Student: 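Sharing a structure here in structure tokens format.
Lettering of chains follows the sequences in order, A, B, ..., and the numbering in each one begins at 1. The figures that follow rest on heavy atoms only: side chains count, while hydrogens, waters and symmetry mates do not. Small disclaimer: the values here were computed from a predicted structure and weren't measured.
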Amino acid sequence: MTTLMEEQADFPKEITRMSVDFDRWYTDVVRKAELADYSPVRGCMVIRPYGFAIWEAIQRAFDDMIKSSGHENWYFPLLIPEDVIMREAEHIEGFTPEVAWVTEAGSHGKLDQRLAIRPTSETIVGTVMRKYIQSWRDLPQLTNQWCNVIRWELRTRLFLRTAEFLWQEGHTFHASADEARAEVDLILDYYRQIAEDWLALPVLTGTKSRAETFAGAEYSKSIEAMMRDGYALQAGTSHYLGQNFSRAYEIAFTNRENVRELCHTTSWGISTRMVGGVIMGHGDDRGLILPPKVAPIQVVVVPIYRDDESRARVDAFIETWEAGVRGMGVRLHVDRRDDRPGDKFNHWELKGVPLRLEVGPRDVEARQVTLSDRLHPGRDEKRTLPAMALAEDLPHELARFQRELLQRARDFMAENTFEVQTLAELVEHFKTRNGFVWAPWCGDPACEARVTEETRGVTTRNFDLDAAAEGACLVDGKPAKHRVAFARPY
RNA sequence: CGGGCGGUGGCUUAGCCUGGCAAAGCGCCUGCUUUGGGAGCAGGAGAUCGGGAGUUCGAAUCUCCCCCGCCCGACCA
């Protein structure tokens, strides 16, 4: 009884503990950390400044990457005429269940032709780009747009699956298949870098099975991250579309030999879902843990004082080093609210701020600050740093935190990655735990479907095309073509 | 889209079965006191009880329709 109460007292009272109910933990954290909230519109969310700032950091990082390789930002229309979106059969078949349509408009009344609200833009981009591409000299065209899309999802969750979400969608047009395939790999590696270097989330990179491939693509590749509950999150996809779309939209060019050829195209995207990945990939029972590189606030300062006099002394002390620290590019916030320190500690831990500096009269005396680390929140693990070296030390502490967070996630992924040879072993595994499970697979969609059926929801995530497969398919025993990762997906 | 549950000040909820002045804790505002891990006292503001229709002298409460959310299932490039 006492133990239970003490234990509970040690954790935020406003969020459900992860170990009790992961889904509720997630929703509680998203809302109480002020990342996002529900809206009056079914399945659509409001992204609040603290959550949007994380997305903005991801945007900046990725935008810089693609600009460095010659990609350009465009904007294409939100509304896509029905005849345009319908032209690629396989594509529209895949999307039809989720497309929202505009059928009437203001005083105009019913429209002659329905307009789809973009669920993705391959069709409109192809239709538009067709007129800018005539010669091999016009290629490659490396386009990207940052926008919103609508997919009428039946079950929604904040950030992870919403009816409207924000993303970037890249659409590129190439003269050869090899060049387009290389583009797919380049972008996939950018996505890996965003995940690992910025979000501190290790990922599996590989090719999707036929069943998991984008509608209309020749093949799709993805990055898959592991969440703290062992579920997989597809956090980015890069597709080789072959000539499927250029055939349907007549996107052709005249080559060096004066022969007309169809373009080879790609498309790729990451979305606000990545913010969900950060939350579920790093969080704990106290709330969020944010990677310094994308944290809206990297260091929070909590002044501690007894009276007006000590308050003035503490403030003056903070001012002696605050500008210097900011000058090093550190996103610092001084919490001067008239609340008690304990309140502030819990508040900023819930919001996942990497580092906290506690500054009280004792620190002022010693010309130092007390450092508390979100990865080691215990009272016993606080350290002190000399104030005069803060501008130098804090960037190092943040870099250390970033490394440690990535290592922690890597360790977690390693501890939750397994290997099996048979369907029976795989089914047994998923009865008691989650994680990534590698197994040999013959490539037959029927075998894949069988796994999903017997495990009630486990699917293939991706596989390395170049890796040699050994052994017999876990389902039908035929020679394995791939070593594929299975997991429960979000 | 099917089955189940829920929506009451900013938040968490009680009240609903059995119709009769809308209530508590937290948060918010003011003052005092306090401040090194979620303080205390005093006073105050804040709700057309998710929306609409109906039954009734009277509806948060009963009936019907709709909206939003949660859980389970189906679906998910």
Student: Expressed as a whole number of Å, how far does the P atom of C62(B) sit from that of C1(B)?
Tutor: 27 Å
Student: Atom CD1 of Ile304(A) to atom P of G36(B): distance rounded to whole Å?
Tutor: 7 Å
Student: Does Asp363(A) reach a base, just sugar-phosphate, or nothing at all? Heavy atoms under 4.0 Å.
Tutor: base
Student: For the pair Phe165(A) and Trp167(A), name the ring-plane relationship: parallel under 30°, tilted 30 to 60°, perpendicular over 60°.
Tutor: perpendicular
Student: Starting at CZ of Phe95(A) and ending at C1' of C76(B), how long is that distance when rounded to a whole Å?
Tutor: 11 Å
Student: Let's see if you can work this out: which of C71(B), A74(B), G37(B) has an atom nearest to the side-chain heavy atoms of Leu154(A)?
Tutor: A74(B)
Student: For Phe62(A) and Tyr191(A), run ring pair (Phe, Tyr, Trp, His ring centres under 6.0 Å): C-alpha distance rounded to whole Å, both residues' side-chain angles, the deciding distance at 0.1 Å, then the answer.
Tutor: CA-CA 8 Å; Phe62(A) 186 71; Tyr191(A) 288 163; 5.3 Å; yes
Student: When the C1' atoms of C29(B) and A22(B) are considered, how many whole Å apart are they?
Tutor: 23 Å
Student: With the side chain of Glu349(A) defined as its heavy atoms from C-beta on, choose the nearest nucleotide among G37(B), C71(B), G36(B).
Tutor: G37(B)
Student: Within the structure shown, what part of the strands sits under 4.0 Å from Glu98(A) by heavy-atom distance: base, sugar-phosphate, or nothing?
Tutor: sugar-phosphate
Student: Considering Watson-Crick and G-U wobble pairs with both distances under 3.5 Å, what does U56(B) pair with?
Tutor: none
Student: I'd like to know if Arg210(A) pairs up with Glu448(A) as an ion pair, taking the criterion as any Lys NZ or Arg NE/NH1/NH2 lying under 4.0 Å from an Asp or Glu carboxylate oxygen.
Tutor: no
Student: Does any donor-acceptor pair link the side chain of Arg356(A) with the base of G37(B) at a separation under 3.5 Å?
Tutor: yes
Student: Ignoring backbone atoms, establish whether Arg340(A) has a side-chain N or O less than 4.0 Å from OP1 or OP2 of G36(B).
Tutor: yes
Student: Could you work out which one of G69(B), G36(B), C72(B) sits closest to the side chain of Arg362(A)?
Tutor: G36(B)
Student: Roughly how far apart, to the nearest Å, are G43(B) and G58(B) at atom C1'?
Tutor: 35 Å
Student: Using a cut-off of 4.0 Å on non-hydrogen atoms, how would the nucleic acid contact of Pro119(A) be classed: base, sugar-phosphate, or nothing?
Tutor: nothing
Student: Should the pair Trp321(A) and Phe317(A) be assigned to parallel (<30°), tilted (30 to 60°) or perpendicular (>60°) ring geometry?
Tutor: perpendicular
Student: What is the nucleic acid contact for Gly457(A), judged by heavy atoms within less than 4.0 Å: base, sugar-phosphate only, or nothing?
Tutor: nothing
Student: Taking the C1' atom of each, how far is U8(B) from A24(B), in whole Å?
Tutor: 12 Å
Student: Heavy-atom nearest nucleotide on RNA chain B for Tyr38(A) versus Gln234(A): which residue maps closer to 5'?
Tutor: Tyr38(A)
Student: Please report the distance, rounded to the nearest Å, between CG in Asp335(A) and C1' in G38(B).
Tutor: 14 Å
Student: Expressed in whole Å, how much space separates the C1' atoms belonging to G44(B) and G3(B)?
Tutor: 48 Å
Student: Which part of the nucleic acid does Pro361(A) contact within heavy-atom distance under 4.0 Å: base, sugar-phosphate only, or nothing?
Tutor: base
Student: Compare side-chain N and O positions of Tyr305(A) against OP1 and OP2 of G36(B) and report whether any pair is under 4.0 Å apart.
Tutor: no
Student: According to the Watson-Crick and G-U wobble definitions, with both distances under 3.5 Å, which nucleotide is paired to C21(B)?
Tutor: none
Student: Say you draw a straight line from NE2 of His171(A) to CD of Gln145(A); how long is it, rounded to the nearest 0.5 Å?
Tutor: 6.0 Å
Student: Would you measure the distance from the C1' atom in C21(B) across to the matching atom in A47(B) and give it in whole Å?
Tutor: 15 Å
Student: What is the nucleic acid contact for Arg24(A), judged by heavy atoms within less than 4.0 Å: base, sugar-phosphate only, or nothing?
Tutor: nothing
Student: On a whole-Å scale, what distance lies between the P atoms belonging to G27(B) and C66(B)?
Tutor: 41 Å
Student: When we call it a touch if two heavy atoms are under 4.0 Å apart, what does Thr370(A) touch: a base, just sugar-phosphate, or nothing?
Tutor: base
Student: Atom OH of Tyr26(A) to atom P of C71(B): distance rounded to whole Å?
Tutor: 12 Å
Student: Checking side-chain polar atoms at under 3.5 Å, does Arg118(A) have a donor or acceptor matched by the opposite partner on Thr120(A)?
Tutor: no
Student: How many whole angstroms separate atom CG of Asp308(A) from atom P of C32(B)?
Tutor: 11 Å
Student: Suppose we define a pair by two distances each less than 3.5 Å, Watson-Crick or G-U wobble; what does G2(B) pair with here?
Tutor: C72(B)
Student: Name the pairing partner of A39(B), where a pair is Watson-Crick or G-U wobble with both distances under 3.5 Å, or state none.
Tutor: none
Student: On a plain distance test, is the side chain of Arg161(A) in donor-acceptor contact with the base of C76(B) below 3.5 Å?
Tutor: yes
Student: State whether Trp101(A) and Arg114(A) meet the cation-pi test: NZ (Lys) or CZ (Arg) under 6.0 Å from the six-membered ring centroid, and within 45° of the perpendicular axis.
Tutor: yes
Student: Which sits closer to the 5' end of RNA chain B, Val41(A) or Asp307(A), going by the nucleotide each is nearest to?
Tutor: Asp307(A)
Student: So, are Arg400(A) and Asp373(A) salt-bridged, with charged N and O less than 4.0 Å apart?
Tutor: yes
Student: To the nearest Å, how far apart are Asn346(A) CG and U35(B) P?
Tutor: 18 Å
Student: When we call it a touch if two heavy atoms are under 4.0 Å apart, what does Glu122(A) touch: a base, just sugar-phosphate, or nothing?
Tutor: nothing
Student: Within the 4.0 Å heavy-atom criterion, would you say Arg306(A) contacts the bases, only the backbone, or no part of the nucleic acid?
Tutor: base
Student: Specify the separation, in whole Å, of atom CZ of Arg286(A) and atom P of G38(B).
Tutor: 12 Å
Student: Angle between ring planes, Tyr240(A) versus Tyr219(A), binned at 30° and 60°: parallel, tilted or perpendicular?
Tutor: tilted
Student: Write down the distance between CG (Asp315(A)) and P (U35(B)), rounded to a whole number of angstrom.
Tutor: 17 Å
Student: Is it the case that G36(B) (base atoms only) and Lys344(A) (side chain only) share a donor and an acceptor within less than 3.5 Å, ignoring hydrogens and angles?
Tutor: no
Student: Return the nucleotide paired to C49(B): Watson-Crick means purine N1 to pyrimidine N3 with N6-O4 or O6-N4, wobble means G-U with N1-O2 and O6-N3, both under 3.5 Å.
Tutor: none
Student: For the C1' atoms, the ones on U13(B) and on G73(B), what distance do you get once it is rounded to whole angstrom?
Tutor: 30 Å
Student: So, does Arg456(A) get its side chain near the phosphate of C72(B), meaning an N or O under 4.0 Å from OP1 or OP2?
Tutor: no
Student: From C-beta outward on Glu14(A), which listed nucleotide comes closest to its side chain: G36(B), G38(B), G69(B)?
Tutor: G38(B)
